[in-house]
Student: 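Please read through the structure below; I'll follow up with questions.
Nothing here was measured: the structure is a model prediction, and the numbers come from that model.
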Amino acid sequence: MIATHRARKRFGQHFLNSGTVVQDIVNAISPLPDDTLLEIGPGHGVLTKPLAASGARLHAIELDRDLVPRLRAQFADKSNVVVHEADALRFDYASIDSPLRVIGNLPYNISTPLLFRLIDFRTTITDMHLMLQKEVVDRLAASPGTKAYGRLTIMAGCQLHVEPLFDVPAIAFTPPPRVTSTVVRLWPRTTGAFAIDDQALLQRLVTQAFSQRRKTLRNALKELASSDDMRALSIDPGARAEEIPVSAWVALANRLRQSRPATLHSASCCHTGGNSR
């Protein structure tokens, strides 16, 4: 029955079919019996099976209502496996015992908002091993001064460590996507690594700068920050947004919040959304 299930485009389904890639992912995770694992989008259960065999407590979140009963039947004899019929974008990750290790082949169409949903629960998460579009991982791991460096790099980078592990070709999936995927390891930064006074203000500042990334900071941020604000933090007002490291963006946002709290009211949230750069 499982083999006859057709991937649904609206769910962004691309089912992993490579035993080699599955084993590479499991090796990267190295699950232990004492772990609590949470798999997002188990699909046909090809990764769920070896994760369950590790003896770890495993929670699997599946949105496709046709796959849920099949998964429950497939793992009915595994007392350490619980299959949840739920939307990963709305799931309460704090409802699962922590610390939590997250695994998932994330649908490309929701990967960025889902990543930031997980960041909201970072205090309960030990690490994440996610399969994402290679372009997204490149942006997460980008260094200042590179084309890939942008809003996603900064807004995720101030909360997470990023370690790309290996690429996965399209042929490893059914149906094959049109892009290469990358497995990435993410884990929360220690509390206080970046002391952010106002997450929404940081998002507003970064969004403003990268929406005009060809302009100098002096011009792109003239409505939010002065050249004196930048120079006080050793930031060159003549530089462009992609040249400024994460720590400097946080420092600038904090300075603005502390120096002009009454005039800076941001309606934007801290999530970057779909294809933000």
Student: From R57 CZ over to L37 CG, what is the distance, rounded to the nearest 0.5 angstrom?
Tutor: 8.5 Å

Student: Checking the side chain of R117 only, and the main-chain atoms of F91 only, is there a donor and an acceptor separated by less than 3.5 Å?
Tutor: yes

Student: Can you check whether K134 reaches D167 side chain to side chain, under 4.5 Å on heavy atoms?
Tutor: yes

Student: Is the shortest heavy-atom distance from the side chain of L217 to the side chain of L252 under 4.5 Å?
Tutor: no

Student: Please give me the minimum heavy-atom distance between L140 and V162, naming the atom from each residue.
Tutor: O-CG2, 3.9 Å

Student: Tell me every residue that passes side chain to side chain donor-acceptor pair (under 3.5 Å) with N17, counting only those two or more places apart in sequence or in another chain.
Tutor: T174

Student: Holding to side chain to side chain donor-acceptor pair (under 3.5 Å), I want the full list of residues that pass it with S54, two or more places apart in sequence or in another chain.
Tutor: none

Student: Between CG of D24 and CD1 of I29, what distance do you get to the nearest 0.5 Å?
Tutor: 11.0 Å

Student: R101 and T126: side-chain donor and acceptor closer than 3.5 Å?
Tutor: no

Student: Would you kindly confirm whether V22 and F166 end up in one hydrophobic cluster when ILVMFWY residues are joined by side chain heavy atoms under 4.5 Å apart?
Tutor: yes

Student: Check whether any side-chain heavy atom of C158 lies under 4.5 Å from a side-chain heavy atom of L202, and answer yes or no.
Tutor: yes

Student: Are L32 and L51 connected in the hydrophobic side-chain network, where two residues link if heavy atoms are under 4.5 Å apart?
Tutor: no

Student: In Å, rounded to the nearest 0.5 Å, how long is the span from CG of L256 to CG of D197?
Tutor: 10.5 Å

Student: How far apart are the closest heavy atoms of A88 and Y93, and which atoms are they?
Tutor: O-OH, 2.6 Å

Student: Considering only heavy atoms from C-beta outward, does the side chain of I40 approach that of L118 to under 4.5 Å?
Tutor: yes

Student: From the options D198, D228, D229, select the one residue that forms a salt bridge (charged side-chain N to carboxylate O under 4.0 Å, His left out) with R255.
Tutor: D229

Student: Do L233 and M230 land in one hydrophobic cluster if side-chain heavy atoms of ILVMFWY residues count as linked below 4.5 Å?
Tutor: yes

Student: If only atom types and distance count, is the side chain of R185 paired as donor or acceptor with the main-chain N or O of A28 below 3.5 Å?
Tutor: yes

Student: If you apply the rule side chain to side chain contact (heavy atoms under 4.5 Å, CB included), what do you find for H129 with L165, and how did you get there?
Tutor: CA-CA 9 Å; H129 290 80; L165 296 180; 4.0 Å; yes

Student: Using modelled atom types and a 3.5 Å cut-off, is there a donor and acceptor pairing between side-chain atoms of R213 and backbone atoms of F210?
Tutor: no

Student: Mark yes or no for whether Q208, through its side chain, and A220, through its backbone, hold a donor-acceptor pair below 3.5 Å.
Tutor: yes

Student: Would you mind reporting whether W187 and E163 have side-chain heavy atoms less than 4.5 Å apart?
Tutor: yes

Student: Show the nearest heavy-atom pair for residues V168 and A172, with the distance to one decimal.
Tutor: CG1-CB, 3.6 Å

Student: Backbone N or O of L100 within a donor-acceptor pair of the T36 side chain at under 3.5 Å?
Tutor: no

Student: Linking I/L/V/M/F/W/Y whenever their side-chain heavy atoms sit closer than 4.5 Å, directly or via other members, would V46 and V183 fall into one cluster?
Tutor: yes

Student: Kindly write out the residues that satisfy salt bridge (charged side-chain N to carboxylate O under 4.0 Å, His left out) with R189, not counting sequence neighbours, or none if the list is empty.
Tutor: none

Student: Looking at P175, is its backbone amide N or carbonyl O close enough to the side chain of H14 to form a donor-acceptor pair, meaning the two atoms are under 3.5 Å apart?
Tutor: yes

Student: Pair L16, I25 - check side chain to side chain contact (heavy atoms under 4.5 Å, CB included), show working.
Tutor: CA-CA 11 Å; L16 189 60; I25 295 172; 4.1 Å; yes

Student: Any idea how H44 and F15 line up, ring-wise: parallel (<30°), tilted (30 to 60°), or perpendicular (>60°)?
Tutor: parallel

Student: Can you tell me how far NZ of K147 sits from CG of D138, rounded to the nearest 0.5 angstrom?
Tutor: 12.0 Å

Student: With a 3.5 Å distance limit and no angle check, can you tell me whether Y149 reaches the backbone of I244 through a side-chain donor-acceptor pair?
Tutor: yes

Student: Could you tell me if the side chain of F116 sits less than 4.5 Å from the side chain of D120, heavy atoms only?
Tutor: no

Student: Among the clusters formed by ILVMFWY side chains lying less than 4.5 Å apart, do V82 and I125 turn up in the same one?
Tutor: no

Student: I'd like to know whether V26 forms a side chain to side chain contact (heavy atoms under 4.5 Å, CB included) with L47, so could you lay out the CA-CA distance, the side-chain angles of the two residues, the decisive distance to 0.1 Å, and finally the verdict.
Tutor: CA-CA 8 Å; V26 174; L47 183 56; 3.7 Å; yes

Student: Do F173 and S181 touch side chain to side chain, with heavy atoms closer than 4.5 Å?
Tutor: yes

Student: Where do A56 and N80 come nearest, in terms of heavy atoms and distance?
Tutor: O-ND2, 2.7 Å

Student: Hey, could you give me the CG/CG distance between D127 and L160, rounded to the nearest 0.5 Å?
Tutor: 11.0 Å

Student: Which atoms form the tightest heavy-atom contact between T216 and G238, and what is the distance?
Tutor: CG2-O, 3.4 Å

Student: Does the side chain of T48 come within less than 4.5 Å of K78's, by heavy atoms?
Tutor: no

Student: Stepwise, does the side chain to side chain contact (heavy atoms under 4.5 Å, CB included) test hold for R122 with I119?
Tutor: CA-CA 5 Å; R122 61 190 177 279; I119 287 175; 3.6 Å; yes

Student: Distance from E62 atom CD to D87 atom CG, nearest 0.5 Å?
Tutor: 10.5 Å

Student: For V179 versus Y108, what's the shortest heavy-atom pair and its separation?
Tutor: CG2-CE1, 3.6 Å

Student: Hey, which of L71, V68, D64, L63 is the one that makes side-chain contact (heavy atoms from CB on, under 4.5 Å) with E85?
Tutor: V68

